[in-house]
Amino acid sequence: STLPHFKTSAWSLKRLHRLILTSSAYRQSSEFNPRASRIDPEDKLLWRFRRHRLEGEAIRDSILSVSGELNPKMGGPSVMSELPKGLTTRGYWKETTDPLERSRRSIYLFVKRNLRYPLFEAFDMPDTHEPCARREVTTTAPQALMLLNDSVILRAAQHFAGRVIEESSSSQAEQIDTAYRLAFCRPPKPEERQSALLFLGRQTRLIERTIDPDEPLLLPAPTPSGMDPNAAAALVDFCHALLNSNELVYVE
């Protein structure tokens, strides 16, 4: 007589999910508690929500969303994004020709067992050769280098800067406020705004002084006519820095 109840309770995944999601440990905020920190500095008793880095797929989606490039289209076949130059594909990876399709959410990116998308692989994509793969969490130099040099990230920085210009005035202070709002959903602190203003000024002068006039600059997409290209490139560098920040890549 107890068998039906046993099936609907002890073996119910929905019941297990409800138990987990409504537990006090799962619902802890990330707010710091000095007293709890003294007692349990490693958070073994789960007195706060642990800080963690986003998965590679979520990092890509977040960057595309901030830059305004993300295509929210749902359904349809998988897409193949562009790959770094020099990566051998043996003809197994045919890049999707439509740039708008290539900017779809990461869940729609094609997964090939023998050719994992480099950005995802750098950020601990599960091993596709294993039938029961798990996602490890590592911190390595290639992860930072990928966010600094990958063509998808650099293009996103250009579009991010273009979006900042479109949604704000020519005032650098307002552009900084807009960039922080888009990237972090908050205004910059006074010291952050001052630091950003100093960076933009110094970076503009550095580009003007050191860059070869014949060398193409990374400019906002689109770039308003009449805008100083050195200042425009400095804004792209600033937006690129925000896309590399811990506040965007980590969840508190």
Side-chain angles (χ1 to χ4, degrees), residues 53-74 79 81-82 98-109 119 144 146-208 211 216-252:
R53 191 183 63 214
L54 295 173
E55 300 84 358
E57 296 87 343
I59 291 174
R60 175 182 175 273
D61 287 354
S62 298
I63 289 176
L64 290 178
S65 178
V66 169
S67 69
E69 291 183 281
L70 186 66
N71 179 359
K73 175 183 172 183
M74 298 180 64
V79 297
S81 184
E82 61 268 47
D98 186 354
L100 189 61
E101 286 292 307
R102 293 201 301 266
S103 296
R104 296 186 65 192
R105 290 179 298 153
S106 298
I107 194 174
Y108 293 108
L109 254 63
L119 178 64
M146 184 70 71
L147 292 179
L148 283 172
N149 301 314
D150 186 74
S151 60
V152 173
I153 309 300
L154 293 175
R155 186 178 64 244
Q158 292 179 275
H159 283 271
F160 183 17
R163 186 182 180 189
V164 167
I165 293 172
E166 288 180 350
E167 298 187 17
S168 60
S169 66
S170 58
S171 165
Q172 284 189 333
E174 187 174 336
Q175 290 175 351
I176 292 168
D177 289 354
T178 301
Y180 266 79
R181 174 178 57 81
L182 293 173
F184 307 141
C185 298
R186 67 171 179 85
K189 299 175 183 177
E191 59 271 22
E192 291 174 329
R193 185 183 293 107
Q194 183 61 30
S195 177
L197 286 170
L198 290 174
F199 170 82
L200 289 173
R202 292 172 180 171
Q203 191 70 0
T204 300
R205 293 190 295 272
L206 178 65
I207 294 173
E208 184 177 8
I211 298 298
L217 295 173
L218 282 179
L219 299 175
T223 304
S225 60
M227 185 175 185
D228 177 13
N230 300 312
L235 181 61
V236 172
D237 290 340
F238 172 67
C239 290
H240 190 198
L242 294 187
L243 296 181
N244 279 261
S245 64
N246 283 345
E247 189 167 349
L248 186 76
V249 177
Y250 282 80
V251 177
E252 288 284 355

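Since this is a predicted model, take the numbers as computed values, not measurements. Note that these values count all heavy atoms, side chains included, but never hydrogens, waters or copies made by symmetry.
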Checklist line | Heavy-atom closest contact (Ser168 atom, Glu174 atom, distance) | finding: CA-OE2, 3.5 Å
Next item on the list: Calculate, to the nearest 0.5 Å, the distance between atoms CG and CG belonging to Asn71 and Leu64 respectively.
Entry: 10.0 Å
Item checked: Atom CD1 of Ile107: over 12 foreign heavy atoms under 6.0 Å -> no
Check: So which heavy atom on Ile207 is nearest to which on Ala234, and how close?
Finding: CD1-N, 3.7 Å
Notebook entry, point to check: Is the number of heavy atoms from other residues, nucleotides or ligands under 6.0 Å of Arg202 CZ greater than 12?
Noted result: no
Notebook entry, point to check: Considering the options Leu148, Ile59, Leu147, Ile63, which one meets the side-chain contact (heavy atoms from CB on, under 4.5 Å) requirement together with Leu243?
Noted result: Ile63
Next item on the list: Supply the atom-to-atom distance Ser81 OG to Leu119 CG, rounded to the nearest 0.5 angstrom.
Entry: 9.0 Å
Check: What pair of heavy atoms forms the shortest contact from Arg163 to Gly68, and how long is it?
Finding: NH1-N, 3.8 Å
Note to self: Given Val79, which partner from the list Lys73, Arg102, Arg104 fulfils the side-chain contact (heavy atoms from CB on, under 4.5 Å) test?
What the structure shows: Arg104
Next item on the list: Of all the heavy-atom pairs spanning Ala196 and Ile176, show the shortest one and how long it is.
Entry: CB-CD1, 3.5 Å
Check: Atom CG in Leu242, atom CG in Leu248: separation rounded to 0.5 Å?
Finding: 8.5 Å
Note to self: For a quick test of reading the model, state the closest non-hydrogen atom pair linking Ala232 to Thr223 and the distance between them.
What the structure shows: CB-CG2, 4.4 Å
Checklist line | Spatial distance of atom CG (Asp177) from atom CD (Glu192) [nearest 0.5 Å] | finding: 10.5 Å
Notebook entry, point to check: Looking at side-chain heavy atoms only, is the closest gap between Leu182 and Glu167 below 4.5 Å?
Noted result: yes
Check: From Met146 CE over to Arg60 CZ, what is the distance, rounded to the nearest 0.5 angstrom?
Finding: 13.0 Å
Note to self: Are His240 and Ile153 packed together at the side-chain level, in the sense that at least one heavy-atom pair is separated by less than 4.5 angstrom?
What the structure shows: yes
Notebook entry, point to check: What heavy-atom pair brings Thr204 and Asp228 nearest, and what distance separates the two atoms?
Noted result: CG2-OD2, 4.2 Å
Check: According to the ring-ring contact (aromatic ring centres under 6.0 Å, His included) rule, which pairs have a member within residues 159-192, sequence neighbours left out?
Finding: Tyr180-Phe184
Check: What's the spacing between Leu154 CG and Asp237 CG if we round to 0.5 Å?
Finding: 9.5 Å
Next item on the list: Decide yes or no for Glu57 and Arg105: does some side-chain heavy atom of the first lie under 4.5 Å from some side-chain heavy atom of the second?
Entry: no
